[in-house]
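Side-chain atoms are counted along with the backbone in the values below, which use heavy atoms only and exclude waters and symmetry mates. Not measured: the values here are computed from a predicted model. Order of appearance sets the numbers: ligands from 1, and atoms from 1 within every ligand.
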Amino acid sequence: MADNQATLDFGGKTSAMPVRQGTVGPDVIDIRKLYGQTGAFTYDPGFTSTAACESAITYIDGDQGILLHRGYPIDQLAEHSTFMEVAYLLLNGELPTADEHQKFVYTISRHTMLHEQLATFYRGFRRDAHPMAIMCGVVGALSAFYHDSTDITDPKQRMIASHRLIAKMPTIAAMAYKYSIGQPFMYPQNDLSYTGNFLRMTFGVPAENYEVNPVVEQAMRRIFILHADHEQNASTSTVRLAGSSGANPFACIAAGIACLWGPAHGGANEAALNMLREIGRPERIPEFIGRAKDKDDPFRLMGFGHRVYKNFDPRAKVMKATAEAVLNELGVTDPIFDVARELEQIALKDDYFVEKKLYPNVDFYSGVILSAIGFPTSMFTALFALARTVGWVAQWNEMISDPEQKIGRPRQLYTGSAQRDYVPVDQR
Ligand code: CMC
């Protein structure tokens, strides 16, 4: 690799490709002209070595366990910031001034209600529908309700759609929960914080006043901040890919929700808690560690491992401390927390997990907190989707405004039949 260019010898020709440098992080070889120069594609299923876009929003160093939003470390944001401040930061690039913050909070609070017709839409779902199924459907349907913010060529409409999505997600998620338990929907109360309002819409009832517990509010604030964005993960890449065709924002976010649902991604928090409950008591941990290591058993330790973090997940550290604080404050003694602590200790010393660099990820402890607060496991991934919406819309806006943006269109290594002639059915 010469200065600022890499060369590739292929097919008897040497091709030069520019090398680009980010602010921090590894160099990136720009292979856009590779096919034109060599007639060959690259092969990288899972994008393990491929940067699909340029972005200035989030930086991760997986070896060092570093996560920065617009340059700010995640632990500092989780400790000192509010979710609205982090949302503003991700969307606009800078922390807001006091005035900007106040205006942003005001704007978001003016969009928290849902079109009343959407309540009827909910009633079309079965009561036992998974909240993520409802979220996919309702968020996709927003485009049918808010036509005035679906023109993606208009920056003003893009911002209104972004504000609507951030503001309405707590209402949508809380309504999914209320619907599942047969309680009346709660309208938002805009003088509460973003998290306080969500807690009231979820756990409050119209017949009584709802007092927001500050410890729970604080824990939710942290959980939301820790899930707000995570660079080009599967669901964010899905949002970008869907958006690259010019699809409307609500449809793109619905696509992101669908991708997040999978157990290898956002669905891991639900799967991790179900696993801890299945393990049940510390004595059963070795059995499950054994299964996780068995090549013939598809079982994996949920909440362990990460594509990028190969040292520790900085979000997991904050999450663990928050879990301790919430359980103490609420006086909850849940044996699954003992199982989680012990499982973590055993796995961290086990050769298999050490060699493969498998550490607890953000989803390992989040379920313990959410369960202590009173959320059913089926709501866990919906809460992840609620928080990640901020990152999705920030990344979607960045992509639409990027002059280099093109429709996403991967190539393939074709291994099917070569051309052959049609055979009539009586001759097959
Ligand atoms: N338990 C047991 N073995 C594992 C685990 C695990 N949780 N994770 C990875 N491995 C093994 C895997 O079997 C493979 O072994 P081998 O090389 O012998 O075939 C090796 O480690 C590498 O795994 P991989 O699947 O190739 O790695 P990946 O980077 O494609 O996958 C992952 C990353 C997060 C999908 C995976 O670690 C996993 O499935 N973890 C459990 C699910 C989970 O907790 N997901 C949440 C991720 S963080 C939040 C989010 O992104 O939404």
Side-chain angles (χ1 to χ4, degrees), residues 44-50 58 60 62-63 65-67 74 78 132 135 222-240 255-276 278-279 285-320 340 343-344 346-370 377 380-392 395:
D44 185 18
F47 299 95
T48 47
S49 299
T50 298
T58 291
I60 302 175
D63 294 323
I66 290 171
L67 167 59
I74 189 65
M132 285 298 275
M135 303 275 286
R222 280 209 181 137
I223 290 179
F224 285 174
I225 291 176
L226 292 175
H227 285 92
D229 190 50
H230 211 228
E231 209 229 58
Q232 306 311 321
N233 57 86
S235 56
T236 302
S237 299
T238 302
V239 170
R240 279 185 178 260
I257 295 172
C259 176
L260 185 78
W261 193 358
H265 193 8
N269 53 14
E270 180 176 349
L273 199 92
N274 288 337
M275 177 194 75
L276 292 174
E278 196 190 340
I279 297 175
I285 292 173
E287 178 197 328
F288 284 82
I289 295 266
R291 285 186 59 194
K293 288 155 61 169
D294 181 354
K295 280 248 163 271
D296 300 323
D297 189 333
F299 174 79
R300 285 186 169 200
L301 271 197
M302 299 314 285
F304 264 78
H306 198 272
R307 167 63 61 79
V308 182
Y309 295 121
K310 299 299 174 195
N311 185 337
F312 66 93
D313 179 341
R315 303 168 300 171
K317 269 190 158 178
V318 183
M319 206 59 99
K320 186 178 178 185
L343 179 61
E344 179 185 5
I346 295 177
L348 289 179
K349 287 189 205 119
D350 189 286
D351 285 349
Y352 174 93
F353 289 88
V354 173
E355 266 164 35
K356 294 189 189 297
K357 301 188 172 164
L358 300 170
Y359 296 86
N361 58 48
V362 67
D363 289 327
F364 189 62
Y365 281 110
S366 62
V368 174
I369 307 173
L370 295 174
T377 44
F380 292 3
T381 315
L383 301 186
F384 192 156
L386 185 174
R388 183 56 58 85
T389 296
V390 165
W392 289 332
Q395 301 265 355

Subject >> With sequence neighbours excluded, residues passing ring pair (Phe, Tyr, Trp, His ring centres under 6.0 Å) with F312 >> reply: none
Original post:
Quick check, are the ring centers of F364 and F304 under 6.0 angstrom apart?
Top reply: yes
Subject >> Ring centres under 6.0 angstrom apart (H230, H306) >> reply: yes
Subject >> salt bridge (Lys or Arg N to Asp or Glu O under 4.0 Å) against R291, all qualifying residues, sequence neighbours excluded >> reply: D297
For ligand 1, find each of its N or O atoms that sits under 3.5 Å from a protein N or O atom, and tabulate the pairs with distances to one decimal place.
unit_1   : atom_1 : unit_2 : atom_2 : d
ligand 1 : 1 (N)  : L301   : N      : 3.1
ligand 1 : 3 (N)  : Y352   : OH     : 2.9
ligand 1 : 7 (N)  : L301   : O      : 2.7
ligand 1 : 7 (N)  : F304   : O      : 3.0
ligand 1 : 13 (O) : R300   : NH2    : 3.4
ligand 1 : 18 (O) : K295   : NZ     : 2.6
ligand 1 : 18 (O) : K356   : NZ     : 2.8
ligand 1 : 25 (O) : R300   : NH1    : 3.0
ligand 1 : 25 (O) : R300   : NH2    : 3.0
ligand 1 : 29 (O) : R307   : NE     : 2.8
ligand 1 : 30 (O) : R307   : NH2    : 3.0
ligand 1 : 39 (O) : R300   : NH1    : 2.8
ligand 1 : 40 (N) : F304   : O      : 2.9
ligand 1 : 44 (O) : G303   : N      : 2.8
ligand 1 : 44 (O) : N361   : ND2    : 2.9
ligand 1 : 45 (N) : A264   : O      : 3.1
ligand 1 : 51 (O) : H265   : ND1    : 3.3
ligand 1 : 52 (O) : H265   : O      : 3.2
ligand 1 : 52 (O) : H265   : ND1    : 2.6
ligand 1 : 52 (O) : G266   : N      : 3.4

**OP:** Please name all residues satisfying side chain to side chain donor-acceptor pair (under 3.5 Å) with Q395, sequence neighbours left out, ordered by chain then number.
**Re:** D229, Q232, R240
Original post:
Hey, is the main chain of D63 close enough, under 3.5 Å, to the side chain of N311 for a donor-acceptor pair?
Top reply: yes
